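In the text below, chain A, chain B and the rest are named by the order of the sequence lines, each starting its count at 1. Just so we're clear, the structure is a prediction, and the values are computed from it rather than from any experiment.
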2 protein chains.
Amino acid sequence: MKQTEMASGAANPRFVDRKPHELLWRRLSRLAGLSDAVLSDQERSMIRQTCAAPGEVPAGAALYVEGEPLRKPGALLAGWACRLRLLPDGRRQIFDFLLPGDLFGHSLGPEPFATTSAVTLTTVSIAGTGCLWEMGREPDRFPGLVRALAAAHARQQALLLDHVVRLGRQTAQERVAHLLLELGHRLDEIGFPLGSFVPMPLTQEVMADALGLSGVHVNRTLQQLKRERLIETKAASIRLIDPVALATIADFRLPSGRSAAP
Amino acid sequence: MKQTEMASGAANPRFVDRKPHELLWRRLSRLAGLSDAVLSDQERSMIRQTCAAPGEVPAGAALYVEGEPLRKPGALLAGWACRLRLLPDGRRQIFDFLLPGDLFGHSLGPEPFATTSAVTLTTVSIAGTGCLWEMGREPDRFPGLVRALAAAHARQQALLLDHVVRLGRQTAQERVAHLLLELGHRLDEIGFPLGSFVPMPLTQEVMADALGLSGVHVNRTLQQLKRERLIETKAASIRLIDPVALATIADFRLPSGRSAAP
DNA sequence: CGGGATTTTGAGCGCTCTCAATATATGTGG
DNA sequence: CCACATATATTGAGAGCGCTCAAAATCCCG
């Protein structure tokens, strides 16, 4: 599971990798609400402290394991990870990907047992967000942060629903296009413009385990998209040449504004 | 989308359909914690009031629609429903099923927009749970209820993860067996013993839209399971003859004790 | 008893898989 | 900086699982 490590630092993005806490603050701020009611100075200051001493984790390491109690909630400051489950016969299903700015290990309920495992796909820089989790218990003192945490949760839930549709009712080409668009838009949010070359450290095998396909078929599908001049790859990066055409193929809809609705 | 309506009232179950509020109370109580810290008398009394005037909804009706603001949170007291999404070309993906005792329309975050639609599969009896939702805002006054609501959310999340594995990495036979076991265990929790004939108002076409298969192939798969004497069907009901063998086929694991871990 | 929904059955097709074998990066140690 | 070892990507051939399209048989409800 070796991966390119500099993948998330390519192409001089707008603000990634400058100040780690700024990435997290922007993300949470956007999640808390696009209009008003943003994060307070106190909340912002806590976020900055949180990112003060990030930890490095090599590629292929487990952030947490299914069934274990959730020890430390955290946030990805750089690098990619994924949530997955292993079947006894070796099959593997990836639920979703964690990108810089994403939270992990934050349970809403009081029973902190992991329902999935999470594994790093590249070298990763993480911040412990135990303090944010504590603050999440006090909606009155930290309303903006609580909203942001809830929104982060809702966002992940919405992505999972899209994933179910991909797996259940889309063809291989649709699945690949849809996933690339999802990742493209999420990368756009953290400073890698849609339509330009952006980091893509996913192995074809990894994409296959996310999309319910074989690695071989992911390869052929990607080649077809290249032949149609819809995407372009270079090293561990990719460019979505025609996001509109891709969105038409994949019936992709922006996840913006969605919320949890059990 | 005609369905058998009496499906959920078959076979003299342990406590369903006697007193609707008892079903809901038992469910929430179990979710709040198997050991101690159960629901207070006040909370129980609120639940009883909630179920006082249940509403009837015919089969094939929408409980809520994707994209709309969530008006009324509710609880299913009798009958089945499902959450789903429609694709523009007519394809349909079912995310999960709502059984008696399940909640719907409860968003945790402050942005009440439905990310899915929900449709009744049978005639359904529902209780408005707006008051429970309000109480959920006050963890200090109603700790048991808040835990129950969070646990209900976590449970649904865990079921969705299982569903992703089914869709992404299991064969048709495994998917069908796994879904039948999931439903069998959920029905067991609400008074229909595992291993006996239990209501199963799902059309083969509906199962197909949940499992990412065609209706025809669900039919053939069910027939195979019958030939192998693993299941047995009668009217709108089913009996899991050999749950252990089914669990081996499907790699089914009990969802008990799981919690949300984003 | 009639009509629509659901289930069942058959035939043929095609998307995707498996199994290799080969080519190309990528990383490591000397 | 090169040679090797490993991981990843690519390509080909063949097979199989599940799909589509029909038609027939049942079931269910009024």
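- Between the CD atom of A:Gln204 and the P atom of D:dT8 there is a distance of 11 Å, rounded to whole Å.
- Per the geometry, NE2 belonging to A:His217 stands 14 Å off C1' belonging to D:dT11, to the nearest Å.
- Atom CD of A:Gln223 is separated from atom P of C:dC15 by 17 Å (rounded to the nearest Å).
- Contact record, B:Glu56 with B:Ser125: OE2-CB, 3.7 Å, taken as the closest heavy-atom pair.
- Put simply, CD on B:Gln170 is 16 Å from P on D:dC17, counting in whole angstrom units.
- Between B:Arg169 and B:Glu174, none of the side-chain N atoms (NZ, or NE/NH1/NH2) sits under 4.0 Å from a carboxylate O, so this pair counts as no salt bridge.
- As a whole-Å value, the separation of B:Arg91 CZ from D:dT20 C1' is 14 Å.
- In this structure, A:Arg220 places its CZ atom 6 Å from C1' of D:dT11, rounding to the nearest Å.
- Residue B:Lys226 is classed as a sugar-phosphate contact, given heavy-atom separations below 4.0 Å to backbone atoms only.
- For D:dG18, the base has no donor-acceptor partner in the side chain of B:Arg175 [N/O atoms by modelled type, under 3.5 angstrom].
- Atom pair B:Leu213:CG and D:dT20:C1' shows a separation of 14 Å (rounding to whole Å applied).
- In this structure, A:Arg169 and A:Leu222 both approach DNA chain D, and ranking their closest nucleotides by distance from the 5' end singles out A:Leu222.
- Of the possible polar contacts, none joining the B:Arg175 side chain to the B:Leu213 backbone as a donor-acceptor pair under 3.5 Å is found.
- Of all heavy-atom pairs between A:Ala210 and A:Phe97, the closest is CB-CZ, 3.8 Å.
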